[in-house]
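Have a look at the structure below before the remarks.
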Amino acid sequence: MSAFQHAGCFEVAAPFFAIRPELPGDVAAREALLDAAMGPGRTRKSSEALRRGRLPALGLSLVAIAADGALAGTVRLWEIAAGTRDGAPVAALLLGPLAVDPRWHGAGIGGALMRHAVAEAARLGHGAILLVGDPEYYGRFGFSAAATGGLAMPGPFEQRRLLGLELQPGALAAVAGLVTATGRCEGDPAMLDSAA
């Protein structure tokens, strides 16, 4: 007999996990997780066009590691221009993809990764974050379409799903135009040592 009257309830409890920076050894597990969570069409999204051939923003590739050492979730942020304001590009970040191993959906890993990513982006001095996603999910983290109506993604997207979060007041004020990639390119020898 168990010391706990209802020991069976621990079998469905959320796994213990830790959030840490992504390491080079996480790449294969991350790609497998993204395939499992998002399916084969994940590379055809408009957001992927901004990420292709680029490195994530420094310090903003995060993973959740389960107690058994398995990669349970991932999120990355990428440097972009959120259109322009008064003719000048507006520096921002693009969040995505955020994915959690399907075995651990509902365990709070996605929310923890979001909160950690937003806090880290703010700590590093970034002004705003954009993402393409469900307003019903991302609204609880402060994201909305209030400041993104003048922006467009490179390729098909739903305007209501282009969301923004200002980390600094006014960072997305009066932005308009196409969201473009501005981050470090893959294979740049000067950047390889610092890539996540």
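FYI, side chains are in, hydrogens and waters are out, and symmetry mates aren't considered; it's all heavy atoms of this structure.
- In the hydrophobic cluster analysis, where Ile, Leu, Val, Met, Phe, Trp and Tyr join through side-chain heavy atoms closer than 4.5 angstrom, L93 is grouped together with Y138.
- Taking 4.5 Å as the limit, some side-chain heavy atom of L163 sits within range of a side-chain heavy atom of P135.
- Within the model, atoms CD1 of I65 and CG of L71 stand 4.5 Å from one another, a figure rounded to the nearest 0.5 Å.
- Hydrophobic clustering of Ile, Leu, Val, Met, Phe, Trp and Tyr side chains at less than 4.5 Å, counting indirect connections, unites V75 with L167.
- If you take CG on L60 and CG on L124, they are separated by 5.5 Å, rounding to the nearest 0.5 Å.
- A donor-acceptor pair under 3.5 Å is absent between the side-chain atoms of R85 and the main chain of V90, judged by distance alone.
- With a 4.5 Å cut-off on side-chain heavy atoms, R20 and D26 count as touching.
- A donor-acceptor pair under 3.5 Å links the side-chain atoms of R184 to the main chain of P56, judged by distance alone.
- R30 CZ to L23 CG: the interatomic distance, rounded to the nearest 0.5 Å, is 11.5 Å.
- In this structure, the separation between CD on E166 and CD1 on I129 is 11.5 Å, given to the nearest 0.5 Å.
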What do the steps show when you test R54 against L94 for side-chain contact (heavy atoms from CB on, under 4.5 Å), and what is the final call? CA-CA 12 Å; R54 302 284 176 164; L94 178 70; over 6 Å; no
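- Nearest heavy atoms, A70 versus R103: CB-NH2, 4.5 Å.
- Listed here is the closest heavy atom pair of A152 and F157: CA-CZ, 3.6 Å.
- Taking both residues in full, the closest heavy atoms of A64 and F17 are given as CB-CD1, 4.1 Å, listed atom of the first, atom of the second, then distance.
- Side-chain contact between L77 and E120 is absent, with no heavy-atom pair separated by less than 4.5 Å.
- V118 and I80 are assigned to two separate hydrophobic clusters, defined by single-linkage of ILVMFWY side chains at heavy-atom distances under 4.5 Å.
- Linking ILVMFWY residues whenever their side-chain heavy atoms come closer than 4.5 Å, directly or via other members, places L165 and L113 in the same cluster.
- Put simply, the side chain of P97 does not reach to within 4.5 Å of the side chain of T74, judged on heavy atoms.
- Considering all non-hydrogen atoms of both residues, G73 and I109 come closest at CA-CG2, 4.3 Å.
- The shortest non-hydrogen separation linking P102 to A36 is CG-O, 4.0 Å.
- Judged purely by atom type and a 3.5 angstrom limit, E79 has no side-chain atom pairing as donor or acceptor with the backbone of L58.
- How far CZ of R76 is from CG of L98: 13.0 Å, rounded to the nearest 0.5 Å.
- Between A171 and G127, the shortest heavy-atom contact is CB-O, 3.2 Å.
- Under the 3.5 Å distance criterion, the side-chain polar atoms of Q159 are matched with a main-chain donor or acceptor of L151.
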Donor-acceptor pairs under 3.5 angstrom involving side-chain atoms of residues 141-150: please list them, not counting sequence neighbours.
from : atom 1 : to   : atom 2 : distance (Å)
S144 : OG     : A146 : N      : 3.2
T148 : OG1    : A145 : O      : 3.3
T148 : OG1    : L162 : O      : 2.6

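- Under a 3.5 Å cut-off, the side chain of D134 and the backbone N or O of E136 do not form any donor-acceptor pair.
- One distance of note links OG1 of T84 with CG of D86; it measures 8.5 Å at 0.5 Å rounding.
- With hydrophobic clusters built from ILVMFWY side chains whose heavy atoms lie under 4.5 angstrom apart, L34 does not share a cluster with V63.
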